[in-house]
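Along the sequence shown, residues are numbered consecutively beginning with 1.
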Amino acid sequence: MKNLLFIGDVVGRAGCEFLSEKLGALKLAHDIDITIVNGENSAQGNGINHASADMLVRAGADVITTGNHAFRHKDAMELFEYDYIVRPANYPEGGCVGSGVRILDMGAYSVAVVNLMGTVYMDPLDNPFSKMDELLEKIDTPNIFLDFHAEATSEKKAMGHYLTGKVSGVFGTHTHVQTADECILGGHTAYITDVGMVGPELSCLGVDTVSAVDRLRFRMPVKFQVAEGDCFLCGTIVNFDEKCGKSHKIERIIIR
(Lines give C-alpha, C1' and ligand atoms only; values in the text may rest on other atoms or scores of the structure.)
Protein backbone atom coordinates (compact mmCIF):
# COMPACT_ATOMS: atom_id res chain seq x y z
CA MET A 1 0.00 0.00 0.00
CA LYS A 2 1.23 3.49 -0.92
CA ASN A 3 0.23 7.05 -0.02
CA LEU A 4 -0.20 9.81 -2.58
CA LEU A 5 -0.57 13.47 -1.64
CA PHE A 6 -2.30 15.90 -3.99
CA ILE A 7 -1.99 19.62 -3.23
CA GLY A 8 -4.53 22.10 -4.67
CA ASP A 9 -3.75 25.27 -6.66
CA VAL A 10 -0.75 27.09 -5.15
CA VAL A 11 -1.34 30.86 -5.36
CA GLY A 12 1.54 33.30 -5.76
CA ARG A 13 4.77 33.60 -3.87
CA ALA A 14 2.94 33.50 -0.54
CA GLY A 15 1.50 30.11 -1.44
CA CYS A 16 4.87 28.80 -2.62
CA GLU A 17 6.56 29.91 0.59
CA PHE A 18 3.85 28.41 2.78
CA LEU A 19 4.07 25.13 0.89
CA SER A 20 7.85 25.13 1.34
CA GLU A 21 7.36 25.66 5.05
CA LYS A 22 4.76 22.93 5.60
CA LEU A 23 5.21 20.21 2.99
CA GLY A 24 8.22 18.39 4.44
CA ALA A 25 6.59 17.76 7.81
CA LEU A 26 3.29 16.86 6.15
CA LYS A 27 4.93 14.20 3.98
CA LEU A 28 6.79 12.78 6.95
CA ALA A 29 3.71 12.67 9.19
CA HIS A 30 1.63 10.78 6.60
CA ASP A 31 4.37 8.60 5.12
CA ILE A 32 3.84 10.07 1.64
CA ASP A 33 5.37 8.25 -1.32
CA ILE A 34 4.30 10.57 -4.17
CA THR A 35 3.43 14.27 -4.16
CA ILE A 36 1.51 16.08 -6.91
CA VAL A 37 1.07 19.86 -6.80
CA ASN A 38 -1.06 22.07 -9.02
CA GLY A 39 1.13 25.07 -9.84
CA GLU A 40 -0.77 26.96 -12.51
CA ASN A 41 -1.22 30.01 -10.25
CA SER A 42 2.14 29.78 -8.50
CA ALA A 43 3.71 32.78 -10.24
CA GLN A 44 2.83 36.16 -8.80
CA GLY A 45 -0.36 37.26 -10.54
CA ASN A 46 -1.05 33.78 -11.95
CA GLY A 47 0.49 31.30 -14.35
CA ILE A 48 3.74 29.50 -13.67
CA ASN A 49 7.31 30.62 -14.29
CA HIS A 50 10.82 29.34 -13.69
CA ALA A 51 11.05 30.79 -10.18
CA SER A 52 7.73 29.40 -8.93
CA ALA A 53 8.29 25.98 -10.53
CA ASP A 54 11.68 25.80 -8.84
CA MET A 55 10.11 26.63 -5.46
CA LEU A 56 7.51 23.87 -5.87
CA VAL A 57 10.12 21.27 -6.79
CA ARG A 58 12.40 22.31 -3.94
CA ALA A 59 9.42 22.12 -1.56
CA GLY A 60 8.94 18.46 -2.51
CA ALA A 61 6.67 18.17 -5.55
CA ASP A 62 7.29 15.11 -7.74
CA VAL A 63 4.93 16.32 -10.48
CA ILE A 64 3.48 19.79 -11.15
CA THR A 65 0.11 19.94 -12.89
CA THR A 66 -1.35 23.07 -14.47
CA GLY A 67 -4.53 24.31 -16.18
CA ASN A 68 -5.93 27.28 -18.07
CA HIS A 69 -3.10 29.60 -16.96
CA ALA A 70 -0.37 27.16 -18.01
CA PHE A 71 0.90 29.41 -20.80
CA ARG A 72 0.24 32.78 -19.18
CA HIS A 73 3.95 33.62 -19.16
CA LYS A 74 5.60 33.41 -22.56
CA ASP A 75 9.02 32.81 -21.02
CA ALA A 76 7.63 29.72 -19.26
CA MET A 77 7.07 27.78 -22.49
CA GLU A 78 10.38 25.96 -22.13
CA LEU A 79 9.32 24.73 -18.68
CA PHE A 80 7.03 22.24 -20.38
CA GLU A 81 10.03 20.53 -21.93
CA TYR A 82 10.77 19.14 -18.45
CA ASP A 83 9.04 15.89 -17.59
CA TYR A 84 8.02 16.97 -14.08
CA ILE A 85 5.55 19.58 -15.39
CA VAL A 86 2.42 18.65 -17.32
CA ARG A 87 -0.28 20.71 -19.05
CA PRO A 88 -3.85 19.65 -19.89
CA ALA A 89 -3.64 16.73 -22.31
CA ASN A 90 -6.65 17.94 -24.29
CA TYR A 91 -4.85 20.93 -25.77
CA PRO A 92 -4.79 20.36 -29.55
CA GLU A 93 -1.94 18.16 -30.73
CA GLY A 94 0.67 19.37 -33.18
CA GLY A 95 1.31 22.92 -32.07
CA CYS A 96 1.20 22.79 -28.27
CA VAL A 97 4.35 22.35 -26.20
CA GLY A 98 4.60 19.83 -23.41
CA SER A 99 2.72 16.70 -22.44
CA GLY A 100 -0.43 15.92 -20.50
CA VAL A 101 0.87 12.70 -18.94
CA ARG A 102 3.81 11.95 -16.66
CA ILE A 103 4.80 8.39 -15.79
CA LEU A 104 6.64 8.09 -12.48
CA ASP A 105 8.94 5.07 -12.29
CA MET A 106 8.96 4.07 -8.64
CA GLY A 107 11.01 0.91 -9.17
CA ALA A 108 8.63 -1.91 -8.22
CA TYR A 109 5.65 0.02 -9.60
CA SER A 110 4.81 3.06 -11.70
CA VAL A 111 2.25 5.84 -11.44
CA ALA A 112 0.67 7.85 -14.25
CA VAL A 113 -0.24 11.48 -13.54
CA VAL A 114 -2.72 12.88 -16.08
CA ASN A 115 -3.82 16.51 -16.48
CA LEU A 116 -7.06 17.43 -18.28
CA MET A 117 -9.10 20.61 -18.53
CA GLY A 118 -12.87 20.88 -18.54
CA THR A 119 -14.73 22.65 -21.34
CA VAL A 120 -17.87 23.87 -19.53
CA TYR A 121 -17.36 27.65 -18.99
CA MET A 122 -13.71 27.10 -19.97
CA ASP A 123 -11.60 27.27 -23.14
CA PRO A 124 -12.95 25.15 -26.03
CA LEU A 125 -10.31 22.44 -25.91
CA ASP A 126 -10.69 18.87 -27.17
CA ASN A 127 -13.33 16.77 -25.43
CA PRO A 128 -11.75 15.67 -22.11
CA PHE A 129 -13.76 12.43 -21.93
CA SER A 130 -12.69 11.31 -25.41
CA LYS A 131 -9.12 12.35 -24.70
CA MET A 132 -9.04 10.31 -21.51
CA ASP A 133 -10.27 7.27 -23.46
CA GLU A 134 -7.31 7.68 -25.83
CA LEU A 135 -4.86 7.98 -22.95
CA LEU A 136 -6.19 4.94 -21.11
CA GLU A 137 -5.41 2.79 -24.15
CA LYS A 138 -1.76 3.88 -24.00
CA ILE A 139 -1.01 4.04 -20.25
CA ASP A 140 0.57 0.81 -19.05
CA THR A 141 0.00 1.00 -15.30
CA PRO A 142 -3.11 0.52 -13.14
CA ASN A 143 -2.07 3.45 -10.93
CA ILE A 144 -3.57 6.47 -12.70
CA PHE A 145 -4.34 9.80 -11.03
CA LEU A 146 -6.11 12.64 -12.83
CA ASP A 147 -6.01 16.36 -12.11
CA PHE A 148 -9.24 17.55 -13.75
CA HIS A 149 -8.97 21.33 -13.96
CA ALA A 150 -12.57 22.42 -14.48
CA GLU A 151 -15.09 25.11 -13.54
CA ALA A 152 -18.39 23.21 -13.39
CA THR A 153 -18.95 20.83 -10.50
CA SER A 154 -21.29 18.85 -12.76
CA GLU A 155 -18.50 18.21 -15.26
CA LYS A 156 -16.13 17.13 -12.50
CA LYS A 157 -18.74 14.80 -11.00
CA ALA A 158 -19.44 13.34 -14.43
CA MET A 159 -15.74 12.69 -15.00
CA GLY A 160 -15.44 10.96 -11.64
CA HIS A 161 -18.33 8.61 -12.43
CA TYR A 162 -17.10 8.05 -15.98
CA LEU A 163 -13.69 6.95 -14.74
CA THR A 164 -14.93 4.85 -11.81
CA GLY A 165 -12.95 1.62 -11.79
CA LYS A 166 -10.70 2.87 -14.62
CA VAL A 167 -8.36 5.10 -12.62
CA SER A 168 -7.09 5.31 -9.06
CA GLY A 169 -8.10 8.91 -8.43
CA VAL A 170 -9.82 11.98 -9.87
CA PHE A 171 -8.97 15.31 -8.22
CA GLY A 172 -10.85 18.47 -9.19
CA THR A 173 -8.94 21.75 -9.30
CA HIS A 174 -9.43 25.35 -10.54
CA THR A 175 -12.16 26.68 -8.24
CA HIS A 176 -9.83 26.93 -5.20
CA VAL A 177 -12.53 26.03 -2.64
CA GLN A 178 -12.16 22.62 -1.03
CA THR A 179 -15.33 20.52 -1.26
CA ALA A 180 -16.55 18.07 1.37
CA ASP A 181 -17.50 15.23 -0.98
CA GLU A 182 -14.39 13.04 -0.89
CA CYS A 183 -15.25 9.39 -1.46
CA ILE A 184 -14.18 6.10 -3.04
CA LEU A 185 -16.30 5.56 -6.12
CA GLY A 186 -17.18 1.97 -6.95
CA GLY A 187 -14.83 0.73 -4.25
CA HIS A 188 -11.89 1.70 -6.46
CA THR A 189 -11.54 5.36 -7.49
CA ALA A 190 -10.73 8.15 -5.03
CA TYR A 191 -12.68 11.30 -5.87
CA ILE A 192 -13.08 14.92 -4.72
CA THR A 193 -14.75 17.74 -6.66
CA ASP A 194 -12.16 20.32 -5.65
CA VAL A 195 -9.00 19.89 -3.63
CA GLY A 196 -8.77 23.57 -2.64
CA MET A 197 -5.79 25.92 -2.71
CA VAL A 198 -2.58 26.98 -0.99
CA GLY A 199 -2.29 30.67 -0.23
CA PRO A 200 -3.86 33.52 1.76
CA GLU A 201 -6.98 32.21 3.46
CA LEU A 202 -8.68 35.59 3.95
CA SER A 203 -9.07 36.26 0.24
CA CYS A 204 -11.20 35.62 -2.85
CA LEU A 205 -9.52 32.47 -4.17
CA GLY A 206 -6.16 33.95 -3.18
CA VAL A 207 -6.85 37.41 -4.60
CA ASP A 208 -7.06 40.58 -2.49
CA THR A 209 -10.72 40.93 -1.49
CA VAL A 210 -11.06 44.64 -2.29
CA SER A 211 -9.98 44.26 -5.93
CA ALA A 212 -12.08 41.10 -6.35
CA VAL A 213 -15.22 42.80 -4.97
CA ASP A 214 -14.63 45.94 -7.07
CA ARG A 215 -14.37 43.85 -10.21
CA LEU A 216 -17.72 42.22 -9.50
CA ARG A 217 -19.43 45.42 -8.33
CA PHE A 218 -18.38 47.79 -11.09
CA ARG A 219 -17.58 45.45 -13.99
CA MET A 220 -14.50 47.50 -14.76
CA PRO A 221 -10.96 46.21 -15.37
CA VAL A 222 -9.14 45.73 -12.09
CA LYS A 223 -5.59 44.54 -11.51
CA PHE A 224 -5.78 41.57 -9.19
CA GLN A 225 -3.21 41.32 -6.41
CA VAL A 226 -2.43 38.27 -4.31
CA ALA A 227 -3.88 38.87 -0.86
CA GLU A 228 -1.76 39.36 2.22
CA GLY A 229 -2.20 37.63 5.54
CA ASP A 230 -2.04 34.12 6.95
CA CYS A 231 -2.01 31.23 4.50
CA PHE A 232 -3.52 27.77 4.56
CA LEU A 233 -2.82 24.57 2.65
CA CYS A 234 -5.53 22.32 1.21
CA GLY A 235 -4.97 18.86 -0.18
CA THR A 236 -5.97 15.22 -0.17
CA ILE A 237 -4.16 12.03 0.77
CA VAL A 238 -5.03 8.79 -0.99
CA ASN A 239 -4.02 5.34 0.18
CA PHE A 240 -3.87 2.96 -2.78
CA ASP A 241 -2.76 -0.56 -3.68
CA GLU A 242 0.09 -0.11 -6.15
CA LYS A 243 -0.34 -3.67 -7.47
CA CYS A 244 -3.86 -3.13 -8.85
CA GLY A 245 -4.46 0.63 -8.67
CA LYS A 246 -7.34 0.34 -6.22
CA SER A 247 -7.74 3.23 -3.78
CA HIS A 248 -8.84 2.36 -0.27
CA LYS A 249 -9.03 5.72 1.48
CA ILE A 250 -9.14 9.44 0.67
CA GLU A 251 -8.66 12.07 3.35
CA ARG A 252 -9.08 15.83 3.05
CA ILE A 253 -6.48 17.98 4.80
CA ILE A 254 -6.34 21.66 5.72
CA ILE A 255 -3.22 23.03 7.40
CA ARG A 256 -3.07 26.55 8.82
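Linking Ile, Leu, Val, Met, Phe, Trp and Tyr whenever their side-chain heavy atoms come within less than 4.5 Å leaves Leu104 and Ile139 in two separate clusters. Val63 is not connected to Val57 by any chain of hydrophobic side-chain contacts under 4.5 Å among Ile, Leu, Val, Met, Phe, Trp and Tyr, and they are in different clusters. No chain of hydrophobic side-chain contacts below 4.5 Å, direct or via other Ile, Leu, Val, Met, Phe, Trp or Tyr residues, connects Phe240 to Ile144. Residues Met197 and Ile7 do not share a hydrophobic cluster, clusters being chains of Ile/Leu/Val/Met/Phe/Trp/Tyr side chains in contact below 4.5 Å. Note on Leu136: it clusters hydrophobically with Met159, by side-chain heavy-atom contacts below 4.5 Å among ILVMFWY residues.
The backbone N or O of Ile48 lies less than 3.5 Å from no partner atom in the side chain of Ser52, so there is not a single donor-acceptor pair. The backbone N or O of Asn3 sits nowhere less than 3.5 Å from a side-chain atom of Asn239 that would complete a donor-acceptor pair. With hydrogens and angles disregarded, no donor-acceptor distance shorter than 3.5 Å links the side chain of Thr193 to the backbone of Thr153. Checking side-chain atoms of Asn90 against main-chain N and O of Met117 turns up a donor-acceptor pair under 3.5 Å. For Lys156 (side chain) and Ile192 (main-chain N/O), no donor-acceptor pair under 3.5 Å exists by modelled atom type. The backbone N or O of Cys204 sits nowhere less than 3.5 Å from a side-chain atom of His176 that would complete a donor-acceptor pair. Side-chain N or O atoms of Ser247 include none that pairs as donor or acceptor with a backbone N or O of Thr189 at under 3.5 Å. With hydrogens and angles disregarded, a donor-acceptor distance shorter than 3.5 Å links the side chain of Gln178 to the backbone of Val195. A donor-acceptor contact shorter than 3.5 Å is absent between the side chain of Ser203 and the backbone of Gly199.
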Derivation and outcome, salt bridge (Lys or Arg N to Asp or Glu O under 4.0 Å), residues Lys22 and Glu17: CA-CA 9 Å; Lys22 299 295 185 180; Glu17 291 177 346; over 6 Å; no
Verdict with supporting geometry, Ile184 and Ile250, side-chain contact (heavy atoms from CB on, under 4.5 Å): CA-CA 7 Å; Ile184 304 296; Ile250 179 171; 3.9 Å; yes
Steps toward side-chain contact (heavy atoms from CB on, under 4.5 Å) verdict (Thr141, Val111): CA-CA 7 Å; Thr141 175; Val111 170; 5.8 Å; no
Intermediate values then yes/no, side-chain contact (heavy atoms from CB on, under 4.5 Å), Ile237 and Leu4: CA-CA 6 Å; Ile237 297 171; Leu4 180 140; over 6 Å; no
Verdict with reasoning, His50 to His73, per side-chain contact (heavy atoms from CB on, under 4.5 Å): CA-CA 10 Å; His50 288 268; His73 296 273; over 6 Å; no
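With a 6.0 Å radius and a threshold of 12 heavy atoms from other residues, nucleotides or ligands, Tyr82 has its OH atom at or below the threshold. The number of heavy atoms from other shown groups lying within 6.0 Å of CD (Glu21) is above 12. Environment of CG in Asp140: sparse, with no more than 12 heavy atoms of neighbouring residues, nucleotides or ligands closer than 6.0 Å.
Checked against ring-ring contact (aromatic ring centres under 6.0 Å, His included), Tyr109 has no partners two or more places apart in sequence or in another chain. Every residue was checked against the salt bridge (charged side-chain N to carboxylate O under 4.0 Å, His left out) condition with Arg72, not counting sequence neighbours, and none meets it. By the ring-ring contact (aromatic ring centres under 6.0 Å, His included) test, Phe6 pairs with Phe171, sequence neighbours left out.
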Side-chain atoms of residues 118-129: list all donor-acceptor pairs with protein atoms under 3.5 Å, sequence neighbours left out, distances to 0.1 Å.
residue : atom : partner : partner atom : Å
Asn127  : OD1  : Phe129  : N            : 2.8
Asn127  : OD1  : Ser130  : N            : 3.0

Only distances under 3.5 Å count here; give the side-chain donor-acceptor pairs of residues 206-227 to other protein atoms, sequence neighbours excluded, each with its distance to 0.1 Å.
residue : atom : partner : partner atom : Å
Asp208  : OD2  : Val210  : N            : 3.3
Asp208  : OD2  : Ser211  : N            : 3.2
Ser211  : OG   : Asp208  : O            : 3.0

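Salt bridge status for Lys138 with Glu134: absent, with no side-chain N to carboxylate O gap under 4.0 Å. Under the 4.0 Å criterion applied to side-chain N and carboxylate O atoms, Lys157 and Asp181 are assigned as salt-bridge partners.
Rounded to the nearest 0.5 Å, atoms CG (Leu233) and CG (Leu23) are 7.5 Å apart. Atom CG of Leu146 is separated from atom CG of Asn115 by 7.5 Å, given to the nearest 0.5 angstrom. Here CG of Leu205 is found 9.5 Å from CG of Asp9. Values are rounded to the nearest 0.5 Å. The distance from the OG1 atom of Thr65 to the CG atom of Leu56 is 9.5 Å, given to the nearest 0.5 Å. For the atom pair CG of Asp241 and NE2 of His248, the computed distance is 5.0 Å after rounding to the nearest 0.5 Å. One finds the CD1 atom of Ile34 at 7.0 Å from the CD1 atom of Ile36 (value rounded to the nearest 0.5 Å).
Residues Ile253 and Cys234 form no side-chain contact, since every pair of their non-hydrogen atoms from C-beta on lies 4.5 Å or further apart. Between His161 and Tyr191 there is no side-chain heavy-atom pair separated by less than 4.5 Å. Residues Val167 and Phe145 have side chains not in contact (no heavy-atom distance under 4.5 Å, counting atoms from C-beta outward). Using a 4.5 Å heavy-atom cutoff, the side chains of Thr35 and Val37 are in contact. Residues Leu202 and Phe232 have side chains not in contact (no heavy-atom distance under 4.5 Å, counting atoms from C-beta outward). The shortest side-chain heavy-atom distance between Leu116 and Met132 falls under the 4.5 Å cut-off. Counting heavy atoms from C-beta outward, Val113 and Asp147 have side chains that stay 4.5 Å or more apart. Between Glu81 and Val97, the closest side-chain pair of non-hydrogen atoms is not below 4.5 Å.
Here the closest non-hydrogen pair linking Arg87 and Cys96 is NH2-O, 3.5 Å. Between Glu40 and His69, the shortest heavy-atom distance links the atoms OE1-N, 2.6 Å. In plain terms, the two heavy atoms of Tyr84 and Asp62 that are nearest each other are CB-O, 3.8 Å. Among all heavy-atom pairs drawn from Pro200 and Cys231, the shortest one is N-SG, 3.6 Å. In terms of heavy atoms, Val86 sits closest to Arg102 at CG1-CB, 3.8 Å. Pairing each heavy atom of Ala53 with each of Ile85, the nearest pair is CB-CD1, 4.0 Å.
Applying the salt bridge (charged side-chain N to carboxylate O under 4.0 Å, His left out) test to residues at least two apart or on different chains, the pairs with a partner in residues 242-256 are Glu182-Arg252, Glu201-Arg256.
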